[in-house]
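In what follows, a single structure is set out as structure tokens and then discussed.
Values in this document were obtained by computation on a predicted structure and should not be read as measured data.
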Amino acid sequence: MKFIIRIILTAILVLVIAHFMPGVVVANFTTAIIVAVVLGLLNLFIKPILVILTLPVTFITLGLFLLVINAVMILLCTQIVGGFAVASFWTAFLFSIVLSISQSILFSISNGDK
């Protein structure tokens with residue numbers, strides 16, 4: 001149940017961020033849910049491989065290269081999900097930062113009852 005709530009919250013965040021950020025287009029709420037699921041799967045399966053492969057660069061940049069990996073995950077999601085588009089790498093970079101911060105805040109609020 002917690003997984004479904006996180007997917008729905010992420011989908012709402014994707015819609016809200018896309019509404020305010022130029023260069024990000026989400027067709028509808030169904031597309032946002034698909035984006036949330038695909039991002040979750042990409043972060044589960046592909047991101048760990050990229051993190052391991054880029055470990056030296058990540059170490060040298062003190063972890064900041066992980067932001068680039070997040071942007072690549074967003075761009076990969078745009079290739080997979082129809083109805084979701086991001087204009088450029090820098091838009092994906094900013095989108096991933098805003099989405100990560102928003103998710104952290106929202107998930108900490110929603111799980112605050114523990």
Side-chain angles (χ1 to χ4, degrees):
M1 185 67 178
K2 190 182 284 188
F3 177 72
I4 294 171
I5 292 172
R6 288 185 132 208
I7 293 294
I8 292 171
L9 289 176
T10 302
I12 292 169
L13 286 174
V14 166
L15 275 175
V16 169
I17 295 168
H19 180 72
F20 289 109
M21 184 177 289
V24 180
V25 177
V26 179
N28 51 31
F29 186 69
T30 306
T31 304
I33 289 178
I34 294 169
V35 167
V37 170
V38 169
L39 275 177
L41 291 173
L42 287 173
N43 286 333
L44 182 66
F45 293 113
I46 304 298
K47 187 175 180 179
I49 296 169
L50 289 177
V51 168
I52 290 172
L53 290 175
T54 61
L55 198 57
V57 176
T58 304
F59 183 72
I60 291 170
T61 62
L62 303 175
L64 291 177
F65 193 74
L66 292 174
L67 297 173
V68 173
I69 293 175
N70 285 341
V72 169
M73 292 294 105
I74 297 294
L75 290 174
L76 190 57
C77 186
T78 62
Q79 298 298 316
I80 295 171
V81 179
F84 176 60
V86 178
S88 67
F89 171 79
W90 294 110
T91 306
F93 187 81
L94 184 60
F95 180 82
S96 69
I97 291 172
V98 173
L99 183 63
S100 296
I101 292 171
S102 302
Q103 282 178 327
S104 296
I105 293 169
L106 198 59
F107 292 162
S108 68
I109 291 171
S110 67
N111 291 334
D113 57 343
K114 287 187 177 181

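In the hydrophobic clustering of this structure, Ile52 does not group with Leu50; members are Ile, Leu, Val, Met, Phe, Trp, Tyr whose side-chain heavy atoms approach within less than 4.5 Å, directly or through other members. Following chains of ILVMFWY side-chain contacts shorter than 4.5 Å, one can reach Val35 starting from Ile4, so the two form part of one hydrophobic cluster. Taken together through direct or relayed side-chain contacts under 4.5 Å among Ile, Leu, Val, Met, Phe, Trp and Tyr, Leu76 and Ile49 form parts of separate hydrophobic clusters. By the criterion of side-chain heavy atoms lying less than 4.5 angstrom apart, applied directly or through intervening Ile, Leu, Val, Met, Phe, Trp or Tyr residues, Val16 is not grouped with Val25; the two fall into different hydrophobic clusters. Cluster membership check: Phe45 does not share its hydrophobic cluster with Leu55, using side-chain heavy-atom separations under 4.5 Å among Ile, Leu, Val, Met, Phe, Trp and Tyr.
Considering all non-hydrogen atoms of both residues, Ala11 and Ala36 come closest at N-CB, 4.0 Å. Nearest approach of Ala92 to Ile74, heavy atoms of both residues: CB-CG2, 3.9 Å. Here the shortest heavy-atom pairing between Gly82 and Thr31 reads O-CG2, 3.6 Å. The two residues Leu39 and Met73 come nearest to each other via the heavy atoms CD2-O, 4.0 Å.
Side-chain contact check for Leu67 versus Ile97: some heavy-atom pair is nearer than 4.5 Å. In this structure, Thr10 and Phe107 have side chains that are in contact, with non-hydrogen atoms separated by less than 4.5 Å. Contact of the Val26 side chain with the His19 side chain is not registered, since no non-hydrogen atoms from C-beta on lie closer than 4.5 Å.
Taken to the nearest 0.5 Å, the CE atom of Met21 stands 6.5 Å off from the CD1 atom of Ile17. Note that CG of Leu66 and OG1 of Thr61 are 7.0 Å apart. Values are rounded to the nearest 0.5 Å. We find the CD-CG distance between Gln79 and Leu75 to be 7.5 Å, quoted to the nearest 0.5 Å. Note that the CD atom of Gln103 and the CD1 atom of Ile105 stand 11.0 Å from one another [nearest 0.5 Å]. Note: Ile8 CD1 to Ser110 OG = 12.0 Å, rounded to the nearest 0.5 Å. With rounding to the nearest 0.5 angstrom, the CD1 atom of Ile80 is 12.0 Å from the CD1 atom of Ile34.
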Determine, step by step, whether Thr58 and Val51 satisfy the side chain to side chain contact (heavy atoms under 4.5 Å, CB included) criterion, reporting the C-alpha distance in whole Å, the side-chain angles of both residues, the deciding distance to 0.1 Å, and the verdict.
-> CA-CA 8 Å; Thr58 304; Val51 168; 5.6 Å; no
So Phe84 and Val24, side chain to side chain contact (heavy atoms under 4.5 Å, CB included) or not? Walk me through it.
-> CA-CA 8 Å; Phe84 176 60; Val24 180; 4.1 Å; yes
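A distance-only check finds no donor-acceptor pair linking the side chain of Thr54 to the backbone of Val57 [under 3.5 Å].
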